[in-house]
> 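Supplied in structure tokens, the structure appears directly below.
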Amino acid sequence: MPRNFDYADAEPRLYDWWERKGWFKPEVAGADAEPFVVSMPPPNVTGSLHLGHALFGALEDLMVRYERMRGKAALWVPGTDHAGIATQLQVENMLREEGSSREEVGYEEFLHRTWQWKEEHGGTIIRQLRRLGASCDWDRERFTLDDGLSTAVIQAFLTLWEQGLVYRGPRLVNWSPGLQTAVSDLEVESSEEEATLYYFKYPVEGGEHIPVATTRPETILGDTAVAVNPADARYAGFIGKSAFVPILGREIPIIGDDAVDMAFGTGALKVTPAHDFGDYEIGQRHKLALVNVLNKDASMNAKAGKYAGADRYDCRERLWRDMEAAGLTIKTEAYSTRIPRSQRGGEVVEPMMSTQWYVRIQPLAEKAIAAIRDGDIKIVPERYEKVYFHWLENIQDWCISRQLWWGHRIPAWYRERDGDPEGEIHVGRDAPQGEGWVMEEDVLDTWFSSGLWPFSTLGWPRESDDLERYYPTQVMETGHDILFFWVARMIMMGLWFTDKPPFHTVYLHGLVRDRHGKKFSKSLGNVIDPLTVVDKLGADPLRFTLITSGTPGNDVNLDETRVDHTFRFINKVWQITSFINMNLEGELELGLPPVEELDLPARWILSRLHRLIANVQHLFDIYQFGEAGSQILAFMWDEFAPYYLEISKHAMYSGNDGEKIATRRVLVVVQDTCLRMLHPFMPFMTEEAWRYIPHDGEALIIADWPKANEVLIDDEIESRMNVLLELVRELRNTRGEYKVDPGKRIKALAKAGAAAQDLAAHDYVFRRLCNVEELQLLTAEDPAPTNSASIVVSDIALYLPLEGMLDLEAERGRLEGEANRLTGQIAKTQKMLGNDNFVSKAPEDIVQRERDRLADLESAYAQVAERLSSLSR
RNA sequence: GGGCGAUUAGCUCAAUUGGAUAGAGCAUCCGGUUUACACCCGGAAGGUUAUAAGUUCGAGUCUUAUAUCGCCCA
């Protein structure tokens, strides 16, 4: 067996082997196996792996491998998303570098180039996921723009259309001038920014003025009313009169509306229904005209009069200067307000009138709310259910059309009628018969197709075998940042189109941040590339670290020193395997010998192991994978390796054949069990290590998940062993305090009371673990040795003759400290047990535990006190 | 404005039906080439669990308020 785990060699070799053997496919579990299906959140096809992907990869692969080992037909469906805007921007950038543009090359050529780009770059992220060890069924890989999914998208759209849930019409939308498309509410991010509030005078008939304030003066040009609150004594008299748009002189009404906030600004409001969501509402109520003054690139249009053609911000300045000259301005003041920006491009989004396609989402949302409320779908952690409800209960119709070229083109055709080029409309799978039909140019929002993902990837709308067998899926694991974008829409669309919840559990993870909780960003220079980490240390350390660094729903602060530590843990596990491997001899019967034939250390480690299995099982049941991983690590590093392995050397090097075989069998069983439990966390090393210990079965990836055996969990065995181990720790400690050379063999004498038998039978434990060459048992009557340091555990006293090294003062101080500590604890425990409420109300076992503890403390105290008094004689 | 989360060792994080002395890693200090591992081993130090009140026999854990930071929604 190699001295170290060579991940660079093993990772590709094992991955190919697993895949070639078909173990990533659910079919290996047999036709009767219960399915366990996870749909991978499809990464953007043009993306490259970042830590967010690494986190979902690690978590989903963990779940899939775990369920595969439990005998389920485990299926992880991989794929990529065409990511409309993101991809189109990439290709547009490429064209720009060539000195060309989307418009210049034209629609057909642009699509051609984008597909080409996809073919060239689309495989990157998939290759990177493989490097992490992702056990997806790659034969089932899908792409949101492939033929099958396109069929699904069209089917979904047409169904909604036929049900009257899709409509098209002019509405106020969030318009992204940079991208020149509408974007949904979710794609707009508002944040507080410093702006200017402009106060000016709105001219009113008869030469009067109403003072008005705005942050966007250029929208004055699109005003179609001035509104005041009817309850406002200052302005109520103006209602019904006419005002005149500054500079343009257009006549508009002054209206009264309760929505006007009397306390804000001047208390009077300019109303621009075509460029403000609030004003739009007022406009609807008062049947105001809509005057759109912006072009698609946010320059001013002809309605802006002499400002036509100017950029919106130039116009703002020029208009204000002109108003100043006209004596219409009052003042400007600094003002902090929320500025809406495009999530993608970052530019300021303008509310603008535009004709778009919408989904009437209410009926779908109602089903989605019910699914969570009725428990058909659970969200982990649960607190996100509230967030989910709040969003769905206040949901707005979904603008699904985008003015892009890369995407699913909306299946609609228009024909001119009565001078209106869109006078006639046809929605259907195919172009209508007849002349003059022009297909809709808009495409669907990317999230429309990803909303169908759990079932479209399995063949829907075809009644495929996969759909029948693997839908609904089980767990949807994804980031909490796309709860609305994606999860809620999958639930709505899944319920609507398949009448089944698309999964029973939503597991949400957080964002991966740097070790100080900062977002990764190129400008901060704190970006960690997962592939660099994988190159340097292998995939296993990164996976384990990501999983154990956080809890569900919370952000993960990745501390790279933890990756290093996991790397060392992996080495540790490898070395344990290596030790077992080199102590094997001939054939070994698998499994445990009868328990009665096992010695105390063996029964102890098995009890600990099965307690661990039970804990890990519970933690997996409640999706606490990180804690499960930490517990396995702690067991191996703090119990199995330093104690049992060391103790086993006694049997291994000086035992008889029977003892050797029994010990080997225990070592193999414990290691085998740990490797199984670790496999979902760190598949590569565990698979490779498993080959070096006796095992049953072809590969760890398809080995059985361990089950706890209650019979082996034994409190009494554990506490007997704990006494020995506690003595070992105290001995080491005391040696250290007296600076006894670690290599020096010393002698120990013990008054062991009830534990005498255990001490005598396991004296080698002290030889191995703390270099005690001889352990001599004293009876209670024997005088305590003089000139020795003493150690007390429970009712056991251990004496270390340290001739010449013992400092009586120091020893007295040491024992006094110990006595004080014990007195304190005894007092505390006595107080607890003296409390009738505690004794009568606390559970029986807790009370008993305290009683046992008190007895222990008291006998320890007695030993210490006796020793102290003999020292002072 | 509404909602959610976080606050535990110098730093990054655990502690899931409320129960013993609140645990790891990194960093620090002391000591070690012990035949699996120096990618290691043994030991030490480091905590008023943000603050205040409450519930309880018992609170890091439950309740309320406050503070600070972060996120989401309007």
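Letters A, B, ... mirror the listed sequences (proteins, then strands); counts begin at 1. Owing to the predicted nature of the structure, the values given are computational and were not obtained by experimental measurement.
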> Within this structure, what is the CE-to-P distance between A:Met652 and B:U34, rounded to whole angstrom?
21 Å
> Whole-Å distance between B:C41 P and A:Phe579 CZ?
15 Å
> Quick check with a 6.0 Å cut-off and a 45 degree axis cone: is A:Arg373 positioned over the face of A:Phe389's six-membered ring?
yes
> Test ring-ring contact (aromatic ring centres under 6.0 Å, His included) on A:His509 and A:Phe56 and set out the steps.
CA-CA 8 Å; A:His509 64 248; A:Phe56 89 60; 7.1 Å; no
> When rounded to the nearest Å, what value does the distance between P atoms of B:U61 and B:U17 take?
15 Å
> Need the pair for B:U63. Rule: Watson-Crick or G-U wobble, both distances under 3.5 Å, any strand; none if unpaired.
B:A53
> Is there side-chain contact between A:Val380 and A:Val506, with heavy atoms separated by less than 4.5 Å?
no
> Using a cut-off of 4.0 Å on non-hydrogen atoms, how would the nucleic acid contact of A:Ala641 be classed: base, sugar-phosphate, or nothing?
base
> Under 4.0 Å between a side-chain N/O of A:Trp637 and OP1 or OP2 of B:C39, yes or no?
no
> Distance between the C1' atoms of B:G1 and B:A53, in whole angstroms?
28 Å
> Which atoms form the tightest heavy-atom contact between A:Ser607 and A:Ile713, and what is the distance?
OG-CA, 3.5 Å
> Counting just side-chain N and O atoms, does A:Lys386 come under 4.0 Å of either OP1 or OP2 of B:C4?
yes
> Please report the C-alpha distance between A:Tyr66 and A:Phe620 in whole Å, then the side-chain angles of each, then the deciding distance to 0.1 Å, and finally whether the ring-ring contact (aromatic ring centres under 6.0 Å, His included) criterion is met.
CA-CA 9 Å; A:Tyr66 159 68; A:Phe620 267 70; 4.5 Å; yes
> May I have the distance from A:Leu645 (atom CG) to B:C41 (atom P), rounded to whole angstrom?
12 Å
> Using the P atom as the point on both nucleotides, what is the distance between B:U63 and B:G3, in whole Å?
15 Å
> Considering every strand shown, what is the Watson-Crick or G-U wobble mate of B:U28 when both distances are under 3.5 Å?
B:A44
> Which word best sums up how the rings of A:His762 and A:Tyr764 line up, parallel for under 30°, tilted for 30 to 60°, or perpendicular for over 60°?
tilted
> Under 4.0 angstrom, heavy atoms only, what part of the nucleic acid is A:Ser630 near: base, sugar-phosphate, or nothing?
nothing
> Which part of the nucleic acid does A:Arg735 contact within heavy-atom distance under 4.0 Å: base, sugar-phosphate only, or nothing?
nothing
> Between C1' on B:A14 and CZ on A:Phe544, what's the gap in Å once rounded to a whole number?
12 Å
> Take the protein atom CD of A:Gln848 and the nucleotide atom C1' of B:G58, then report the distance between them rounded to whole Å.
18 Å
> Can you tell me the Watson-Crick or wobble partner of B:U16, both distances under 3.5 angstrom?
none
> For the residue pair A:Trp574 and A:Phe5, does the interplanar ring angle fall in the parallel (under 30°), tilted (30 to 60°) or perpendicular (over 60°) class?
tilted
> In whole Å, I'd like the distance from the CG atom of A:Leu833 to the P atom of B:G19.
18 Å
> Base, sugar-phosphate or nothing for A:Glu646? Non-hydrogen atoms, less than 4.0 Å.
base
> With a 4.0 Å cut-off on heavy atoms, is A:Gln624 in touch with a base, just the backbone sugar-phosphate, or nothing at all?
base
> Side-chain N or O of A:Tyr738 versus OP1/OP2 of B:G43: is the shortest distance under 4.0 Å?
no
> Say you pick atom C1' in B:G23 and the same atom in B:G32; how far apart are they, in whole Å?
26 Å
> Using only heavy-atom distances, determine whether the side chains of A:Glu350 and A:His275 contain a donor-acceptor pair under 3.5 Å.
no
> Identify, between A:Thr551 and A:Pro843, the residue whose nearest nucleotide on RNA chain B lies closer to the 5' end.
A:Thr551
> Once you apply the 3.5 Å cut-off to both distances, tell me the Watson-Crick or G-U wobble partner of B:C4, or none.
B:G70
> Could A:Lys519 and A:Asp514 be called an ion pair, given the rule that one side-chain N must be under 4.0 Å from one carboxylate O?
no
> Is it the case that A:Gln624 and A:Thr551 place a side-chain donor and acceptor less than 3.5 Å from each other?
no
> Taking any heavy-atom pair under 4.0 Å as a contact, classify A:Gly550: base, sugar-phosphate, or nothing.
sugar-phosphate
> How many whole angstroms separate atom CG of A:Leu508 from atom P of B:C4?
17 Å
> With P as the reference atom in both, quote the distance from B:U28 to B:U34 in angstrom, rounded to an integer.
24 Å
> Using atom P in both nucleotides, what's the gap between B:A52 and B:U8 to the nearest angstrom?
15 Å
> How would you summarise protein contacts on nucleotides 20-28 of chain B per nucleotide, using B for base, S for sugar-phosphate only and - for none, with heavy-atom distances below 4.0 Å?
BB---BS--
> Under a 3.5 Å cut-off for both distances, is B:A9 Watson-Crick or wobble paired, and to whom?
none
> When the C1' atoms of B:A65 and B:C71 are compared, how many Å lie between them, rounded to an integer?
23 Å
> Verify whether one side chain among A:Thr545 and A:Thr566 offers a donor that lies under 3.5 Å from an acceptor in the other.
yes
> Between A:Glu585 and A:Arg664, is there a side-chain N and carboxylate O pair less than 4.0 Å apart?
yes
> Considering heavy-atom distances to RNA chain B, does A:His618 or A:Arg732 have its closest nucleotide positioned more toward the 5' end?
A:His618
> For the side chain of A:Met832, starting at C-beta, report the closest nucleotide among B:G19, B:G5, B:A36.
B:G19
> List in chain and number order the residues that pass side-chain contact (heavy atoms from CB on, under 4.5 Å) with A:His565, two or more places apart in sequence or in another chain; answer none if no residue qualifies.
A:Arg568, A:Leu633, A:Trp637
> Could you give the distance separating B:G58 and B:U21 at their P atoms, to the nearest angstrom?
15 Å
> Once you apply a heavy-atom cut-off of 4.0 Å, does A:Tyr653 come out as touching a base, just sugar-phosphate, or nothing?
sugar-phosphate
> Looking at every strand, decide which applies to A:Asn554 at a 4.0 Å heavy-atom threshold: base, sugar-phosphate, or nothing.
sugar-phosphate
> What is the distance, rounded to the nearest whole Å, between atom CZ of A:Arg768 and atom P of B:U35?
11 Å
> With a cut-off of less than 4.0 Å, is there a side-chain N or O of A:Lys649 near OP1 or OP2 of B:U34?
no
> Could I get a table of every N or O pair under 3.5 Å where one atom is in the protein and the other is in nucleotides 70-74 of chain B?
| residue | atom | partner | partner atom | Å |
| --- | --- | --- | --- | --- |
| B:A74 | N6 | A:Arg338 | NE | 3.3 |
| B:A74 | N6 | A:Arg338 | NH1 | 3.3 |

